Amino acid sequence: MARITAGVGCSHVPAIGVAMDSGITEQPYWEPVFEGFEKSREWMKAQKADVVFLVYNDHCTVFDATCIPTFALGCAPEFAPADEGWGPRPVPVVKNHQKLASHIAHSLILDEFDITIMNEMEVDHGLTVPMSVMFGDKGIDDEWPCLVIPLCVNVVQYPAPTGNRCYNLGKAVRRAVDSFDEDLNVVVFGTGGMSHQLQYKRAGLINKEWDTQFLNRLTSDPVSLSQTPHIDYLREAGSEGVEMVMWHVMRGALDDDVEEIHRHYHVPASNTAVGHIILENKKDQKAKI
Amino acid sequence: MGLNKDYEDIPGTFVFDADRGREGYHLNQFCISLRKAPNREAFGADEGAYLDKYKMTAEQRQAVIDRDWNQLLELGGNIYYTSKLAANDGINFQELAGLMTGMGIEAYRAMMLAGGRSPEGNRYQHEWDEKGEK
């Protein structure tokens with residue numbers, strides 16, 4: 001049976017991808033950003049995930065304004081890195097576990113989450129940057145060490161889905177994975193954030209205190225955290241901080257009882273506070289022992 | 001009863017909602033076209049002719065020509081779209097933010113290195129009004 005064992009929360013700042021692609025991660029500006037992912041890469045390797053279920057958003061790259069699905073599930077065989085205006089990132093094509101993706105699509109819709117099914121899709125930095133920070137440098141001729149099912153969430157045109165909706169979608173993803181009849185270790189990534197505002201005169205807003213309480217409550221108080229209204233994200237964590245609703249999908253897919261394995265927080269990467277957390281289901285930790 | 005747009009009193013912020021999406025549709029579609037290299041070349045060769053293909057308002061068109069980054073947002077542009085126009089001009093996200101804040105690129109970068117803009121005094125429009133910030 002397939003099972004979800006762990007979750008990863010992770011910013012997906014595009015400049016992090018640019019820093020890796022141009023080989024400047026050891027410069028003083030970037031060194032503290034990447035240092036916090038060293039342990040994560042070791043953990044990721046030891047985890048031996050078969051599939052990553054990766055929750056991210058497109059940044060008006062693949063989805064233009066003609067069609068704005070709230071939840072779009074990647075069901076294509078593979079997903080190529082998209083050209084975001086300066087050429088595609090030189091990283092491997094992302095391969096899907098297509099049968100599991102179809103199973104999840106089927107299960108979610110009967111579970112009353114009316115997702116959009118994507119049978120062709122490219123992916124932007126929202127997906128490829130978390131892959132790069134967690135798996136390390138990979139060139140276009142390499143392969144990612146596991147399969148990836150992308151779930152693309154609209155957080156660009158307000159309103160994004162509520163935190164509550166995202167948390168409950170995570171629960172539904174969990175039910176879908178639990179009912180898939182193949183022995184698979186699945187890790188869920190919730191990406192985006194943390195506090196940042198990219199636009200207009202208040203650009204540059206960072207709220208370390210708010211981000212810290214978000215990371216704390218993700219482990220201990222996830223249900224109440226998922227009730228955070230959009231206005232709190234916008235006012236306290238910046239207009240683009242609302243991306244953090246995607247972390248609730250990851251948290252919802254885990255057990256109620258989780259243990260924080262690792263955390264990393266650093267300001268700045270470009271305009272953004274970089275936040276990262278690894279959570280494991282407690283019962284899966286026991287199984288390992 | 002209308003929708004409660006409780007986010008309208010956040011200073012220095014344009015939340016891109018469905019109304020702005022409607023107003024900015026053609027402007028944003030123009031911007032996203034620039035993510036493809038052949039389109040960037042065509043735009044670079046003759047901006048006016050390229051812009052003629054998009055049904056944006058005269059004001060929006062002028063803001064594109066002027067690269068008036070804040071006005072593009074005021075007229076329904078979204079930052080992820082307008083950043084494609086900026087990328088076309090060789091301006092990255094952090095430089096664009098520096099321009100939009102009015103601080104300039106260097107001062108903005110220094111603010112970010114020092115921990116970013118504090119939320120203190122930057123949550124409500126009345127806080128900016130009292131400081132005389134526009």
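First the proteins, then the strands, lettered A, B, ... as listed; each starts at 1. These figures come from a predicted structure and were not determined experimentally.
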Query raised in the report: Relative to chain A, which segment of B/Trp69 carries a heavy atom at a distance below 4.5 Å: side chain, backbone, both, or neither?
Result: neither

Report task. Could you check if a side-chain atom of A/Asp58 sits within less than 4.5 angstrom of a side-chain atom of B/Tyr80, using non-hydrogen atoms only? Result -> no

Query raised in the report: If you count heavy-atom pairs under 4.5 Å between each of B/Asn122, B/Ile32, B/Asn88 and chain A, which one has the most?
Result: B/Ile32

Report task. Please round to the nearest 0.5 Å and tell me the distance separating atom CH2 of A/Trp86 and atom CZ of B/Arg40. Result -> 9.5 Å

Query raised in the report: With side chains defined as the heavy atoms from C-beta onward, is the minimum distance between A/Pro159 and B/Asp17 less than 4.5 Å?
Result: no

Query raised in the report: Between OG of B/Ser118 and CD of A/Glu209, what distance do you get to the nearest 0.5 Å?
Result: 9.0 Å

Report task. To the nearest 0.5 angstrom, please state how far the CD1 atom of B/Ile10 sits from the CG atom of A/Leu234. Result -> 5.0 Å

**Report entry** chain A contact via B/Met111 - which portion, at a heavy-atom distance below 4.5 Å
**Finding:** side chain

Query - Aromatic contact, A/Tyr158 with B/Phe16 (centres under 6.0 Å) - result: no

Query raised in the report: Sub-3.5 Å donor-acceptor pair from the side chain of A/Arg235 to the main-chain atoms of B/Tyr7, do we have one?
Result: no

Report task. Supply the atom-to-atom distance B/Ile79 CD1 to A/Tyr200 OH, rounded to the nearest 0.5 angstrom. Result -> 12.0 Å

Report task. Indicate whether any N or O donor in one side chain lies under 3.5 Å from an N or O acceptor in the other, for A/Gln197 and B/Thr13. Result -> yes

Report summary line: So OG of B/Ser83 and CD of A/Glu84: to nearest 0.5 Å the spacing works out to 9.0 Å

Query - Option that, when pairs with chain A are counted at under 4.5 Å, heavy atom only, ranks first among B/Leu99, B/Asn92, B/Asp9, B/Asn28 - result: B/Asp9

Requested in this report: May I ask you to check whether A/Asp64 and B/Gln29 show a side-chain donor-acceptor distance below 3.5 Å?
Outcome: yes

Query raised in the report: Are a donor atom and an acceptor atom from the side chains of B/Tyr108 and A/Asn271 found within less than 3.5 Å of each other?
Result: yes

Report summary line: Looking only at heavy atoms, the pair that brings A/Val62 and B/Arg35 closest together is CA-NH2, 4.3 Å

Requested in this report: Look only at the side chain of B/Arg117 and the backbone of A/Ala203, and say whether a donor-acceptor pair between them is shorter than 3.5 Å.
Outcome: yes

**Report entry** Part of A/Ser195 within contact of chain B (heavy atom distance under 4.5 Å)
**Finding:** neither

Report task. Using non-hydrogen atoms and a 4.5 Å limit, figure out which bit of A/Phe63 sits close to chain B: side chain, backbone, both or neither. Result -> backbone

Query raised in the report: chain A heavy atoms under 4.5 Å from B/Glu74: which part of the residue, side chain, backbone, both or neither?
Result: side chain

Query raised in the report: Should we say atom CD of B/Glu47 is surrounded by more than 12 heavy atoms from elsewhere, each under 6.0 Å from it?
Result: yes

Query raised in the report: Can you find a pair of side-chain heavy atoms, one from A/His59 and one from B/Tyr81, that are under 4.5 Å apart?
Result: no

Query raised in the report: Does B/Lys53 NZ have over 12 foreign heavy atoms under 6.0 Å away?
Result: yes

Report task. Give a yes or no on this: more than 12 heavy atoms of other residues, nucleotides or ligands lie within 6.0 Å of atom CD of A/Glu26. Result -> no

Query raised in the report: If you count heavy-atom pairs under 4.5 Å with chain B, which of A/His196, A/Lys208, A/Glu240 comes out on top?
Result: A/Glu240

Report task. Answer yes or no: are there more than 12 heavy-atom neighbours, outside B/Lys131 itself, under 6.0 Å from its atom NZ? Result -> yes

Query raised in the report: Among B/Ser33, B/Ala87, B/Gly21, B/Ala97, which residue forms the greatest number of heavy-atom pairs with chain A at distances under 4.5 Å?
Result: B/Ala97

Query raised in the report: Do you know the tightest heavy-atom contact between B/Lys84 and A/Thr61?
Result: NZ-OG1, 4.0 Å

Query raised in the report: Can you check whether A/Val13 reaches B/Phe93 side chain to side chain, under 4.5 Å on heavy atoms?
Result: no

Query - Nearest heavy atoms of B/Thr101 and A/Lys201, plus distance in Å - result: CG2-O, 3.8 Å

Query raised in the report: When you look at CD of A/Glu120, are more than 12 heavy atoms from neighbouring residues, nucleotides or ligands closer to it than 6.0 Å?
Result: no

Report summary line: d(B/Asn78 CG, A/Gln199 CD) to nearest 0.5 Å is 8.0 Å

Report summary line: For A/Asn207 and B/Pro119, the nearest pair of non-hydrogen atoms, with its separation, is ND2-CG, 3.4 Å

Report task. Just do the side-chain contact (heavy atoms from CB on, under 4.5 Å) check on B/Met100 and A/Leu198 with the steps written out, would you? Result -> CA-CA 9 Å; B/Met100 287 184 293; A/Leu198 301 177; 5.8 Å; no

